[in-house]
Peer 1: 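My structure is below; once you've seen it, I'll send some questions.
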Protein chains: 2
Amino acid sequence: MTDTHSKDPAQRLETSDIPLSQFLCFSLYSANHAMHRVYKPLLQKLGLTYPQYLAMVALWEQDGRLVGEIGARLHLESNTLTPLLKRLESLGFVTRVRDDKDERQVRIRLTGSGKELKRETTDFASCILAASGISLDELRDLQARIAALRDNLLQAAA
Amino acid sequence: MTDTHSKDPAQRLETSDIPLSQFLCFSLYSANHAMHRVYKPLLQKLGLTYPQYLAMVALWEQDGRLVGEIGARLHLESNTLTPLLKRLESLGFVTRVRDDKDERQVRIRLTGSGKELKRETTDFASCILAASGISLDELRDLQARIAALRDNLLQAAA
DNA sequence: TCTATATAAATCGTATACGATATAATCGTG
DNA sequence: CACGATTATATCGTATACGATTTATATAGA
């Protein structure tokens with residue numbers, strides 16, 4: 001005989017039973033901050049912030065994207081991206097040009113120095129692997145699980 | 001005979017070989033944003049932002065903490081916490097009082113309505129579990145792995 | 001005791017995030 | 001072709017984050 005309102009602790013999941021240290025949201029929040037801190041000294045040499053770096057990675061993968069296309073990759077809107085991309089422009093790493101075919105769109109293109117910057121990131125992956133303190137296989141598995149979680153969360157939020 | 005400078009792809013780890021979608025940093029970054037989005041409608045009913053909620057969780061666990069003690073839990077400094085806690089104060093959820101023994105310290109205490117707010121978060125854990133799309137066991141495992149990763153990253157950054 | 005140092009918060013400047021709105025260009029349908 | 005609806009980006013206001021500095025207080029050593 002099962003009771004959906006059972007007091008059996010194994011059947012209940014109440015927020016107050018969980019310490020902050022075991023909140024999934026807090027672990028994500030603080031791990032993201034920690035990753036930010038590991039990247040900071042690496043990125044300071046390039047003169048980039050963390051979100052600016054992610055936008056550059058998106059452009060190194062495929063140059064000449066629209067603002068909205070970069071936003072789709074990074075899950076960001078123009079209200080965040082426009083100022084960020086203007087800063088990358090003033091740093092001389094990208095150009096922002098309205099499309100001739102559709103004047104609503106702004107196409108972002110890497111400059112020479114923007115392209116060159118990529119070379120200086122070659123060893124970032126091994127720096128992060130070392131800082132993560134886990135094996136490459138474990139890191140890949142964790143990354144995939146976190147990405148799957150993100151996709152589920154986005155689906156639920158929509 | 002192994003060569004540490006081998007060109008064998010299995011031995012190399014270069015940033016440019018990895019698509020943005022497989023960056024651990026990006027998965028953390030975007031999963032954190034996604035979690036934020038899931039929480040937003042839940043928190044709007046309480047009138048709290050996501051970081052404000054985390055500070056409240058820390059206080060529900062132990063009331064009367066100092067600014068610095070909350071910061072140690074959340075990995076935040078007073079430059080972020082002071083304005084946040086002032087907002088919680090103006091919302092009527094906490095009081096901020098300088099300690100009599102040591103006037104440098106500011107002690108944060110929950111008000112009645114701040115304590116009552118906790119009850120309205122009881123079902124958050126099951127909401128997040130449902131939104132995560134994974135089993136409770138898997139969620140706990142993932143949380144622990146992410147927390148361990150965070151600790152390793154913080155150690156490396158220090 | 002007096003002062004140099006250390007500590008806890010707060011302040012300031014810059015850069016994300018994001019909801020809401022504005023602006024401009026394009027599209028769809030009559 | 002006209003014109004309302006849609007789309008792409010930008011702007012604005014508020015709230016984090018965080019490096020650097022400031023302020024106020026406490027402590028330690030000469």
Side-chain angles (χ1 to χ4, degrees), chain A residues 25-26 28-41 43-44 47-56 65-72 74-91 94 96-108 154 157, chain B residues 25-26 28-41 43-44 47-56 65-72 74-91 94 96-108 154 157:
Chain A
C25 66
F26 176 63
L28 273 175
Y29 172 85
S30 54
N32 183 49
H33 285 179
M35 183 65 84
H36 196 139
R37 267 174 226 189
V38 170
Y39 263 105
K40 185 149 291 181
L43 292 175
Q44 262 169 350
L48 292 177
T49 67
Y50 192 57
Q52 285 167 4
Y53 169 65
L54 293 175
M56 291 298 285
R65 283 193 210 264
L66 302 175
V67 173
E69 289 171 346
I70 298 172
L74 303 186
H75 308 290
L76 294 174
E77 310 279 322
S78 68
N79 51 8
T80 300
L81 276 177
T82 295
L84 186 155
L85 293 169
K86 281 184 175 176
R87 284 180 204 110
L88 287 178
E89 183 184 38
S90 71
L91 289 167
V94 305
R96 297 166 58 251
V97 180
R98 287 217 172 253
D99 198 295
D100 272 347
K101 314 281 178 185
D102 186 339
E103 292 265 342
R104 291 172 305 180
Q105 301 183 140
V106 171
R107 201 166 290 280
I108 309 298
L154 287 177
Chain B
C25 67
F26 176 64
L28 273 176
Y29 172 86
S30 54
N32 183 50
H33 285 178
M35 183 65 85
H36 197 141
R37 269 175 226 188
V38 170
Y39 264 105
K40 185 149 289 180
L43 292 175
Q44 263 169 350
L48 292 178
T49 66
Y50 192 57
Q52 285 167 6
Y53 169 66
L54 294 175
M56 290 298 285
R65 285 192 208 266
L66 303 174
V67 173
E69 289 171 347
I70 299 172
L74 304 186
H75 309 290
L76 294 175
E77 309 278 323
S78 68
N79 51 8
T80 299
L81 276 177
T82 295
L84 185 154
L85 293 169
K86 282 184 176 177
R87 283 180 206 110
L88 287 178
E89 182 184 39
S90 70
L91 288 166
V94 305
R96 298 167 57 253
V97 180
R98 286 215 173 255
D99 198 296
D100 272 348
K101 314 279 180 187
D102 186 339
E103 292 265 342
R104 291 173 303 181
Q105 301 182 139
V106 171
R107 201 166 290 282
I108 309 299
L154 287 177

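Letters A, B, ... mirror the listed sequences (proteins, then strands); counts begin at 1.
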Peer 1: At less than 3.5 Å, do the side-chain atoms of B/S78 and the base atoms of C/dA8 form a donor-acceptor pair?
Peer 2: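 When only heavy-atom distances are counted, B/S78 does not reach the base of C/dA8 through any donor-acceptor pair under 3.5 Å.
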Peer 1: Counting heavy atoms from C-beta on, name the nucleotide in C/dA9, D/dT9, D/dA20 closest to the side chain of A/L66.
Peer 2: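 Per side-chain heavy atoms of A/L66, the pick is D/dT9.
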Peer 1: Under the rule for side-chain contact (heavy atoms from CB on, under 4.5 Å), what residues qualify as partners of B/L66, not counting sequence neighbours?
Peer 2: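 Result, side-chain contact (heavy atoms from CB on, under 4.5 Å) vs B/L66: B/E69, B/Q105, B/R107.
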Peer 1: Given the structure, check if the side chain of A/R104 and the base of D/dT7 hold any donor-acceptor pair shorter than 3.5 Å.
Peer 2: yes
Peer 1: Between P on C/dA15 and OH on A/Y50, what's the gap in Å once rounded to a whole number?
Peer 2: 19 Å
Peer 1: Any idea which of D/dA15, C/dA9, D/dC18 is nearest the B/Q52 side chain?
Peer 2: D/dA15
Peer 1: Check this for me: A/E89, atom CD, are more than 12 non-hydrogen atoms of other residues, nucleotides or ligands nearer than 6.0 Å?
Peer 2: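 Enclosed.
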Peer 1: So B/E77, base contact, sugar-phosphate only, or nothing? Heavy-atom distance under 4.0 Å.
Peer 2: nothing
Peer 1: Test salt bridge (charged side-chain N to carboxylate O under 4.0 Å, His left out) on A/R104 and A/D102; report intermediate values, then the result.
Peer 2: CA-CA 5 Å; A/R104 291 172 305 180; A/D102 186 339; 2.8 Å; yes
Peer 1: Answer yes or no: is there a side-chain heavy-atom contact under 4.5 Å between B/V94 and B/M56?
Peer 2: yes
Peer 1: Over the length of the helix from C/dT1-D/dA30 to C/dG30-D/dC1, how much do the five-pair end axes diverge, rounded to 10 degrees?
Peer 2: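 The angle, to the nearest 10 degrees, is 0°.
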Peer 1: So which nucleotide from C/dC18, D/dT16, D/dA10 ends up closest to the side chain of A/R96?
Peer 2: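 Of the candidates, D/dA10 comes closest.
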Peer 1: Report yes if at least one side-chain N or O of A/Q105 is closer than 4.0 Å to OP1 or OP2 of D/dT7; otherwise report no.
Peer 2: no
Peer 1: Under 4.0 Å from any atom of DNA chain D, heavy atoms only: list the residues of residues 81-89 of chain B that qualify, in numerical order.
Peer 2: B/L84, B/R87
Peer 1: Nearest of C/dC18, D/dA20, D/dT16 to any side-chain atom of A/N79?
Peer 2: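 Closest nucleotide among those given: C/dC18.
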Peer 1: Relative to the 5' end of DNA chain D, which residue comes earlier, B/T80 or B/E103, by the nucleotide with the nearest heavy atom?
Peer 2: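 It is B/T80, whose closest nucleotide lies nearer the 5' terminus.
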Peer 1: Looking at the side chain of A/P51, which of C/dA10, D/dT9, C/dT16 is the nearest nucleotide?
Peer 2: C/dT16
Peer 1: For A/R107, report the nucleic acid contact type (base, sugar-phosphate, nothing); a contact means any heavy atom under 4.0 Å.
Peer 2: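 Since no nucleic acid heavy atom lies under 4.0 Å of A/R107, the category is nothing.
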Peer 1: Tell me whether the OP1 or OP2 atom of D/dA17 has a side-chain N or O from A/Y29 closer than 4.0 Å.
Peer 2: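 So the side-chain polar atoms of A/Y29 do come within 4.0 Å of the phosphate oxygens OP1 or OP2 of D/dA17, strictly under.
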Peer 1: Looking only at side-chain N and O atoms, does A/R98 come under 4.0 Å of OP1 or OP2 in C/dA24?
Peer 2: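 A/R98 to C/dA24 OP1/OP2: no side-chain N or O under 4.0 Å.
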Peer 1: By the 4.0 Å heavy-atom rule, please label B/T49 as base, sugar-phosphate, or nothing.
Peer 2: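 The residue B/T49 makes sugar-phosphate contact but no base contact.
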Peer 1: Return the nearest nucleotide to the side chain of B/D102; candidates are C/dA8, D/dA26, C/dT16.
Peer 2: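 Of the options given, the side chain of B/D102 lies nearest D/dA26.
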